[in-house]
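Before any comments, here is the structure.
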Amino acid sequence: MTISSTHLIEQRSTTNLFDATRTVADRQIEDLIALATTAPTSFNLQNWRFIAVRTPEAKARLRKLGWDQAKITDAGVTFIVVGQLADYRTIPDRLAPVVEAGIMPAEMVPGWEGAAKSLYDDKPQQQRDEAVRSATFGASTLIYAAQAAGLGSAPMIGFDAPAIAQEFRLGANEVPVLLLAVGHATSENWPRKPRRPLAQVLEFA
């Protein structure tokens with residue numbers, strides 16, 4: 001890990017106050033999501049979607065369903081981070097570019113598909129757990145991508161999930177895992193809060 005990467009991690013803190021006069025350009029949103037999708041997923045499922053809510057009208061609709069949190073509308077963009085239920089049937093499509101790139105032999109694909117079927121098929125809890133894991137990995141990477149771009153971010157779990165799924169037309173196989181506001185922080189935000197000591201959270205086995 002480079003010093004600059006370490007610094008980004010150490011300095012990151014949640015942004016609760018955004019400069020509502022400043023936007024985030026669509027091209028920058030695309031760049032951020034391109035980085036977010038480098039996060040790991042099981043079997044390379046890439047079972048996520050990111051809805052970039054960035055127009056005033058769309059942000060207002062989202063805020064009504066997000067406990068009226070001002071950061072939803074004040075941030076340049078608020079992402080609905082969506083996890084998709086793990087589905088082994090998507091494996092051939094997800095792995096096709098990997099095979100084409102010469103990374104994986106084509107004969108390995110059926111084995112991966114079979115392993116994914118064994119793990120997820122007819123197991124709704126496992127499918128949902130994987131959706132949440134993948135979306136969380138993607139959101140975490142997006143948080144640090146935003147930090148590297150000089151932007152603040154705020155993950156949120158305070159929202160009406162079924163209403164958001166309906167309002168933003170999520171599929172039956174999709175879960176709105178969290179909201180993530182991204183934008184320009186004001187100077188009034190708190191610095192990073194102290195964390196628990198390592199002795200309380202780390203065990204060597």
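All figures in this text were calculated on a predicted structure; none of them were measured in a lab.
- Side chains of W67 and D160 form no contact here, defined as non-hydrogen atoms less than 4.5 Å apart.
- Linking ILVMFWY residues whenever their side-chain heavy atoms come closer than 4.5 Å, directly or via other members, places W48 and V182 in the same cluster.
- Using a 4.5 Å cut-off on side-chain heavy atoms (C-beta onward), T41 and S134 make contact.
- Cluster partners of V109 are F43, L45, I91, L95, V98, V99, I103, M104, M108, W112, L119, Y120, counting Ile, Leu, Val, Met, Phe, Trp and Tyr whose side-chain heavy atoms approach within less than 4.5 Å, directly or via other members.
- Closest approach of A161 and P176 over heavy atoms only: O-CG, 3.7 Å.
- Scanning all heavy atoms of the two residues, the minimum distance from F18 to G183 falls at CE2-N, 3.4 Å.
- Between T23 and R54 the shortest side-chain heavy-atom distance does not fall below 4.5 Å.
- Salt-bridge formation is not detected for the pair R133/D129: no Lys NZ or Arg NE/NH1/NH2 atom is positioned less than 4.0 Å from an Asp or Glu carboxylate oxygen.
- Side-chain contact between Q11 and Q147: present, with at least one pair of heavy atoms (C-beta onward) separated by less than 4.5 Å.
- Residues K64 and E167 have side chains not in contact (no heavy-atom distance under 4.5 Å, counting atoms from C-beta outward).
- No donor-acceptor contact under 3.5 angstrom links the side chains of D19 and T186, judged on distance only.
- Applying the side-chain contact (heavy atoms from CB on, under 4.5 Å) test between V175 and each of V82, L85, V81 identifies L85 as the sole match.
- Considering only heavy atoms from C-beta on, F79 comes within 4.5 Å of I29 through its side chain.
- Under a hydrophobic clustering in which Ile, Leu, Val, Met, Phe, Trp and Tyr are joined whenever their side-chain heavy atoms come within less than 4.5 Å, directly or via other members, I72 and L32 fall into different clusters.
- Closest non-hydrogen pair, Y144 versus I9, comes out as CE2-CA, 3.8 Å.
- In this structure, the side chain of N44 engages the main chain of R94 through a donor-acceptor pair within 3.5 Å.
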Can you list the steps and then say if E113 with K117 is a salt bridge (Lys or Arg N to Asp or Glu O under 4.0 Å)? CA-CA 6 Å; E113 185 177 3; K117 180 176 182 180; over 6 Å; no

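- The line from OG of S42 to CD of Q126 is 10.0 Å long, rounded to the nearest 0.5 Å.
- F159 is not listed as a side-chain neighbour of L65, based on a closest heavy-atom distance of 4.5 Å or more.
- Sparse packing is recorded around CZ of R128, with 12 or fewer heavy atoms of other residues, nucleotides or ligands lying under 6.0 Å away.
- What you find for N189 and A185 is that their closest heavy atoms are ND2-CB, 3.8 Å.
- Here the closest heavy-atom approach between residue Q28 and residue A149 is recorded as NE2-CB, 3.7 Å.
- A salt bridge does not link D74 to K59: none of the charged nitrogens lies less than 4.0 Å from a carboxylate oxygen.
- No continuous path of ILVMFWY side-chain contacts below 4.5 Å connects I51 to V77, so the two sit in separate hydrophobic clusters.
- Side-chain contact between L179 and P155: absent, with no pair of heavy atoms (C-beta onward) separated by less than 4.5 Å.
- The neighbour count for I157 CD1, taken as heavy atoms of other residues, nucleotides or ligands under 6.0 Å away, does not exceed 12.
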